[in-house]
Amino acid sequence: VLDAIRESWSSAWLFRTFEERSYYGVDHEAVGMALLVHRSFPAEEANGVAITNNPYSQLEPAFYVNVQWGGDAEVVHPPDGITSDQYLHFFGSPGQPISYISHSNLVPDGETVLTSLQSHQLGVALDAINTRFAPAYGTSGGWWAMDVEFKFDDDDDPTQAPALWIKQARPYPAVTS
């Protein structure tokens with residue numbers, strides 16, 4: 001466990017994180033690390049990340065979702081040849097339409113990683129997170145969002161529908177374009 005903590009804390013000084021701080025003008029000496037400890041999901045049905053605003057258009061509010069079947073393939077930086085479901089969920093629009101950007105190649109053709117019910121449950125949770133953090137982060141009047149990590153897991157009981165678990169939510173860097 002101590003080695004895992006050391007590895008996590010030292011990641012603040014990886015080349016990529018150093019460069020990202022430099023790009024965004026973050027003072028390197030002001031950086032602090034924290035650890036989030038949560039339950040393990042050894043065989044989740046789906047894992048993903050979401051942004052509570054549309055990074056492609058400031059004129060069309062939507063949730064951006066990137067989700068993958070199971071937990072073996074990383075969502076943000078998947079192995080070569082692996083694609084995930086990526087979509088915009090126009091949760092605040094009539095009918096709450098979903099527009100797919102890409103589809104996972106780990107599920108059969110014509111299927112999606114999340115069911116319609118799961119997409120709606122995720123939309124409800126993202127809306128609640130966005131509403132809860134708006135007073136803290138959305139007060140500048142510009143574009144803002146929360147970056148959310150989530151899982152759907154059935155606790156190894158196939159008779160139960162997989163439940164939504166929010167692993168973490170943090171402010172997402174502003175889009176300036």
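Since this is a predicted model, take the numbers as computed values, not measurements.
Under the 4.5 Å side-chain heavy-atom criterion for Ile, Leu, Val, Met, Phe, Trp and Tyr, Leu14 and Phe18 are members of distinct hydrophobic clusters. Hydrophobic clustering, with ILVMFWY side chains joined whenever heavy atoms are under 4.5 angstrom apart, groups Met33 together with Val1. Leu117 and Val124 sit in two unconnected hydrophobic clusters of ILVMFWY residues. Membership requires side-chain heavy atoms under 4.5 Å apart, directly or through other members.
Closest heavy-atom contact between Ala145 and Trp143: CB-CH2, 3.6 Å. Thr17 and Ala12 make their closest contact through OG1-O, 3.0 Å (heavy atoms, listed as atom of the first residue, atom of the second, distance). When all heavy atoms of Gly81 and Asn105 are compared, the closest pair comes out as O-ND2, 2.6 Å. Leu114 approaches Ser119 most closely through the heavy-atom pair CB-OG, 3.7 Å.
Residue Tyr87 holds its OH atom at 11.0 Å from OH of Tyr64, rounded to the nearest 0.5 Å. A distance of 4.5 Å separates CD in Gln118 from CZ in Phe152, rounded to the nearest 0.5 Å. The line from NZ of Lys151 to NZ of Lys167 is 4.0 Å long, rounded to the nearest 0.5 Å. Atom-to-atom distance recorded for Leu122:CG and Ile166:CD1 is 6.0 Å, nearest 0.5 angstrom. Note that the CG atom of Asp127 and the NE2 atom of His89 stand 10.0 Å from one another [nearest 0.5 Å]. The CD atom of Glu44 lies 11.0 Å from the CZ atom of Phe150; values are rounded to the nearest 0.5 Å.
Of the N and O atoms on the side chains of Asn66 and Ser84, at least one donor lies less than 3.5 Å from an acceptor on the other residue.
Checked options Phe63, Phe91, Phe90; the residue passing with Gln96 is Phe91 (criterion: side-chain contact (heavy atoms from CB on, under 4.5 Å)).
Side chains of Phe133 and Arg170 form no contact here, defined as non-hydrogen atoms less than 4.5 Å apart. Residues Asn53 and Tyr172 are not in side-chain contact: their nearest non-hydrogen atoms beyond the backbone lie 4.5 Å or more apart.
A donor-acceptor contact shorter than 3.5 Å is absent between the side chain of Ser104 and the backbone of Gln68. Here the side chain of Asn47 pairs a donor or acceptor atom with the backbone of Gly70 at under 3.5 angstrom. At distances below 3.5 Å, not a single donor-acceptor pair connects side-chain atoms of Thr52 with backbone N or O atoms of Leu126. A donor-acceptor pair under 3.5 Å is absent between the side-chain atoms of Asp154 and the main chain of Glu45, judged by distance alone. Remark: the backbone N or O of Thr112 is not paired with any side-chain donor or acceptor of Asp85 at under 3.5 angstrom.
Taking the six-membered ring where tryptophan is involved, the planes of His103 and Tyr100 are essentially parallel, since the angle between them stays under 30° and well short of 60°. Below 30°, between 30° and 60°, or above 60°: for Trp144 and Tyr137 the angle between ring planes is between 30° and 60°, a tilted geometry.
Atom CD of Glu19 sits in a crowded spot, with more than 12 heavy atoms from other residues, nucleotides or ligands closer than 6.0 Å. Enclosure of atom CH2 in Trp9 is not indicated, since only 12 or fewer non-hydrogen atoms of other residues, nucleotides or ligands lie within 6.0 angstrom.
The other residues sharing a hydrophobic cluster with Val76 are Val49, Val75, where clustering joins ILVMFWY side chains under 4.5 Å apart.
Among residues two or more places apart in sequence or in another chain, the salt bridge (Lys or Arg N to Asp or Glu O under 4.0 Å) test is passed with Asp3 by Arg6.
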